[in-house]
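Sequential numbering from 1 along the given sequence is applied to the chain's residues.
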Amino acid sequence: MPDPTPTRRVTTRLRRLATTALAAVLALTAAPAAPAKAASGSYFYGTYTSLAGTRDYHGYVPSSYRAGTPMPLLVALHGCTENDVGFDLLTGLSALAERRGFLVVFPDQSILANPAQCWNWPLSTNQHRGWGEPSIIAGITNLMRSRYTVDAKRIYATGVSAGGVMSVIMGVTYPDLYAAVATVAGCEYECDVLQLRSPDQAGLDAWREMGSRARPVPVLIFQGTADLVVPPSTAGRIAGQWAQTDDLAIDGVDDGDVTATPTLVERGQVPGGRTYTHKVHRSTGGAVLIEQYLIDGAGHVYPGGCSCSLYGDPSGPDASNLSWDFFLAHPRP
């Protein structure tokens, strides 16, 4: 078998160059800091290895971070044909982390695991706790906890497309680790691309996967109505799955504590940009557990994302800021 070490060294050098270039771009595009002598944050990168495999990652530590003072952590998962650095540039999450004060890490899918760099969500191995890619992503998350002072109740996961499917899987398989999740153009747990199985069945399977760790996990959903890759109806399936999962997680009984019918539906528009429908699902106790943004005319894109990326749609609602608002409202109990 050929020695992978030279390839790994080249990849590491390229990652350093890409991260440095990203820092330069974000420095040019970010809003100027008010204090003239304000400290800047710092990027980090590395490689995580476990029995399940090896994955690279990079991340950002904001200038407001102080060791010993707990800070939230966001785990951000890219989509197919992307990598971690490209997803950072698309979403602006490192720049947002600097402005709003949180740590962020971007796991990178290996081309050896998937030539298109998709997270391998269809494989059963990658739909369960302690196995495959979920265990690797959780491992990178816990590695961040060991290196930085992370607020254990404010760890979140987000992702787009294949990464959006994986963020849902992480919420199901590690509800004791992730307080809430966001998914952009993603899919329900055990994604049924043919939509032959009911969301309730997926919700039941998700609840069973949670086991003794079962609890209501808040989820934020973004979906374009003109998406040709992910059927727009998938947003409703995700909401239905989580309504069932959260309902069962409350008391173990399917009794309508949370329903797939939204309690609030409102229209909105980005100034000079796209219109959208915002749906909110509350529990009978009044807690917001599911939110949806259905964006009129948007394709398979990241809403509000940088126009520098093929997957960016600056005319859409700002998914990164909206996600962080949602996350801050949902610490883990």
Side-chain angles (χ1 to χ4, degrees), residues 74 76-82 86-93 95-96 100 118 121 156-168 171 180-188 191 193 195 199 218-243 260-282 288-330:
L74 177 60
L77 303 169
H78 65 77
C80 297
T81 72
E82 285 188 310
F87 190 49
D88 194 352
L89 187 60
L90 167 64
T91 60
L93 283 172
L96 186 66
R100 302 194 64 178
C118 304
W121 53 264
Y156 307 99
T158 188
V160 66
S161 194
V165 183
M166 282 305 299
S167 69
V168 167
V181 299
T183 177
V184 180
C187 198
E188 77 275 10
C191 181
V193 295
Q195 300 192 357
V219 61
L220 178 61
I221 304 161
F222 294 92
Q223 178 63 54
T225 64
D227 192 332
L228 299 180
V229 177
V230 175
S233 59
T234 304
R237 293 180 60 82
I238 300 171
Q241 177 250 293
W242 279 107
T261 302
T263 55
L264 171 68
V265 178
E266 58 185 0
R267 294 286 294 168
Q269 181 170 12
V270 177
R274 295 191 185 278
T275 56
Y276 58 87
T277 301
H278 177 218
K279 299 182 180 182
V280 178
H281 305 247
R282 296 179 183 270
V288 174
L289 290 176
I290 304 166
E291 288 193 45
Q292 300 182 59
Y293 283 87
L294 307 178
I295 306 155
D296 298 325
H300 195 64
V301 294
Y302 188 89
C306 178
S307 60
C308 57
S309 169
L310 291 174
Y311 303 108
D313 180 14
S315 64
D318 186 347
S320 293
N321 262 302
L322 288 170
S323 294
W324 194 245
D325 290 339
F326 181 82
F327 290 152
L328 288 182
H330 293 95

Quiz item: With Arg100, which residues qualify under salt bridge (Lys or Arg N to Asp or Glu O under 4.0 Å), at least two apart?
Solution: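 By the salt bridge (Lys or Arg N to Asp or Glu O under 4.0 Å) rule, Arg100 matches Asp325.
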
Quiz item: Can Trp242 and Ile221 be said to form a side-chain contact (heavy atoms from CB on, under 4.5 Å), step by step?
Solution: CA-CA 11 Å; Trp242 279 107; Ile221 304 161; 5.6 Å; no

Practice problem: Indicate the ring-plane relationship of Tyr293 and His278, choosing parallel, tilted or perpendicular according to the 30° and 60° boundaries. | Solution: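 Ring orientation of Tyr293 relative to His278: parallel.
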
To the closest 0.5 Å, what do you measure between [atom1] ([X]) and [atom2] ([Y])?
X	Y	atom1	atom2	answer
Ser323	Leu93	OG	CG	8.0 Å
Gln195	Cys187	CD	SG	7.5 Å
Leu220	Leu289	CG	CG	12.5 Å
His300	Asp313	NE2	CG	13.0 Å
Asp227	Thr234	CG	OG1	8.0 Å
Thr91	His78	OG1	NE2	12.0 Å

Quiz item: Looking at residues at least two apart in the chain, or sitting in another chain, which of them share a side-chain hydrogen bond (donor to acceptor under 3.5 Å, both in side chains) with His330?
Solution: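 So His330 forms no side-chain hydrogen bond (donor to acceptor under 3.5 Å, both in side chains) with any residue.
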
Quiz item: Who pairs with Thr81 by side-chain hydrogen bond (donor to acceptor under 3.5 Å, both in side chains), at least two apart in sequence or on another chain?
Solution: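 With sequence neighbours excluded, Thr81 shows a side-chain hydrogen bond (donor to acceptor under 3.5 Å, both in side chains) to Tyr311, given in chain and number order.
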
Quiz item: Is it true that atom CG of Leu310 has more than 12 heavy atoms of other residues, nucleotides or ligands lying nearer than 6.0 Å?
Solution: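 No, not enclosed.
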
Identify the two heavy atoms, one from [X] and one from [Y], that lie closest to each other, and give their separation to 0.1 Å.
X	Y	result
Tyr276	Gln269	CE2-N, 3.5 Å
Gln223	Ala185	OE1-CA, 3.5 Å
Thr225	Pro232	O-CG, 3.3 Å
Leu89	Cys306	O-CB, 3.5 Å
Ala260	Gly240	CB-CA, 3.9 Å

Self-check item: Residues forming a side chain to side chain contact (heavy atoms under 4.5 Å, CB included) with Asp318, sequence neighbours excluded
Solution: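 Asp318 satisfies side chain to side chain contact (heavy atoms under 4.5 Å, CB included) with Ser320, Asn321 once adjacent residues are dropped.
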
Quiz item: Which pairs count as salt bridge (charged side-chain N to carboxylate O under 4.0 Å, His left out) when at least one residue sits in residues 297-310, sequence neighbours excluded?
Solution: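 Passing the test, one end in residues 297-310: no pairs.
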
Practice problem: List in chain and number order the residues that pass ring pair (Phe, Tyr, Trp, His ring centres under 6.0 Å) with Tyr156, two or more places apart in sequence or in another chain; answer none if no residue qualifies. | Solution: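 Residues passing ring pair (Phe, Tyr, Trp, His ring centres under 6.0 Å) with Tyr156: Trp324, Phe327.
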
